[in-house]
Amino acid sequence: MASALRKNITLSLEENQLIEDYCKKSGKTFSEFVRTAAVNYIKESEKQDLAEFLKSNCSYLENIEQNEIDAVMDKLKNEQDKGREISLNELL
């Protein structure tokens with residue numbers, strides 16, 4: 001690691017104790033464990049396909065919102081230029 005950056009995090013007493021206990025068992029420092037766990041979490045998350053990502057990170061739409069999006073998509077299906085890029089404003 002060429003340069004280091006110091007960050008503060010907030011944990012409950014129980015979370016801190018859980019991590020400290022694990023660090024003692026595994027022979028890792030607190031910083032090493034948190035850094036490694038965070039990087040591994042990101043790498044695993046980025047391996048997800050879009051459907052898995054959306055399921056894990058996004059809530060479902062209300063029926064009214066979904067119906068609005070479906071209506072826009074139906075309108076776009078009927079256009080002659082099927083390859084054109086749509087803007088976010090068209091969905092909003």
Side-chain angles (χ1 to χ4, degrees):
M1 192 171 0
S3 62
L5 177 67
R6 185 175 298 272
K7 292 285 189 174
N8 294 321
I9 61 171
T10 303
L11 302 169
S12 69
L13 292 174
E14 294 81 15
E15 291 167 333
N16 183 63
Q17 192 61 56
L18 182 67
I19 296 170
E20 289 285 354
D21 290 346
Y22 181 81
C23 290
K24 288 177 188 174
K25 292 179 206 172
S26 65
K28 295 181 180 180
T29 65
F30 189 93
S31 294
E32 180 183 12
F33 170 76
V34 171
R35 182 177 52 253
T36 303
V39 169
N40 288 339
Y41 179 84
I42 292 168
K43 287 179 180 178
E44 287 302 313
S45 293
E46 289 181 343
K47 288 181 185 176
Q48 292 179 334
D49 65 17
L50 180 58
E52 290 172 331
F53 177 83
L54 292 174
K55 185 177 178 183
S56 299
N57 297 290
C58 299
S59 59
Y60 287 95
L61 293 176
E62 295 290 329
N63 286 338
I64 293 171
E65 291 175 301
Q66 185 63 54
N67 292 340
E68 290 173 356
I69 291 174
D70 291 343
V72 171
M73 297 305 291
D74 286 340
K75 178 183 164 197
L76 293 172
K77 284 180 190 174
N78 295 325
E79 286 188 355
Q80 287 184 349
D81 185 6
K82 296 204 183 273
R84 83 174 176 87
E85 186 174 322
I86 63 170
S87 70
L88 184 57
N89 287 334
E90 288 179 88
L91 292 174
L92 300 176

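As a basis for the values below, the full set of heavy atoms in this structure was taken, side chains included, without hydrogen atoms, waters or symmetry mates. Quick caveat, the model's predicted, so the values are computed rather than measured. In this chain, residues are counted from 1 in sequence order.
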Novice: Salt bridge (Lys or Arg N to Asp or Glu O under 4.0 Å) between Lys47 and Glu44: does it pass, once the steps are laid out?
Specialist: CA-CA 5 Å; Lys47 288 181 185 176; Glu44 287 302 313; 3.2 Å; yes

Novice: When rounded to the nearest 0.5 angstrom, what is the spacing between CD in Glu20 and OG1 in Thr29?
Specialist: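 The distance works out to 10.0 Å.
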
Novice: Using the side chain to side chain contact (heavy atoms under 4.5 Å, CB included) definition, which of the options Ile69, Leu76, Asp74 pairs with Val72?
Specialist: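 Testing Val72 for a side chain to side chain contact (heavy atoms under 4.5 Å, CB included) against Ile69, Leu76, Asp74 leaves exactly one candidate, Leu76.
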
Novice: Please write out which residues are connected to Leu11 in a hydrophobic cluster, directly or through intermediates, given that two of Ile, Leu, Val, Met, Phe, Trp, Tyr count as joined at side-chain heavy-atom separations below 4.5 angstrom.
Specialist: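 Leu11 shares its hydrophobic cluster with Ile9, Ile19, Tyr22, Phe30, Phe33, Val34.
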
Novice: Quick one: pull up NZ in Lys7 and CZ in Arg35 and give me the separation to the nearest 0.5 Å.
Specialist: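 Going from NZ on Lys7 over to CZ on Arg35, the span is 14.0 Å.
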
Novice: Is it true that atom CG of Asp70 has more than 12 heavy atoms of other residues, nucleotides or ligands lying nearer than 6.0 Å?
Specialist: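 Yes, CG of Asp70 has more than 12 neighbouring heavy atoms, counting only those of other groups under 6.0 Å.
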
Novice: Determine whether Gln17 and Asp21 satisfy the following criterion, side chain to side chain contact (heavy atoms under 4.5 Å, CB included), listing intermediate values before the conclusion.
Specialist: CA-CA 6 Å; Gln17 192 61 56; Asp21 290 346; 2.7 Å; yes

Novice: Give, for atom CD of Glu68 and atom CD of Glu62, the distance between the pair rounded to the nearest 0.5 Å.
Specialist: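 Separation between the atoms: 11.5 Å.
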
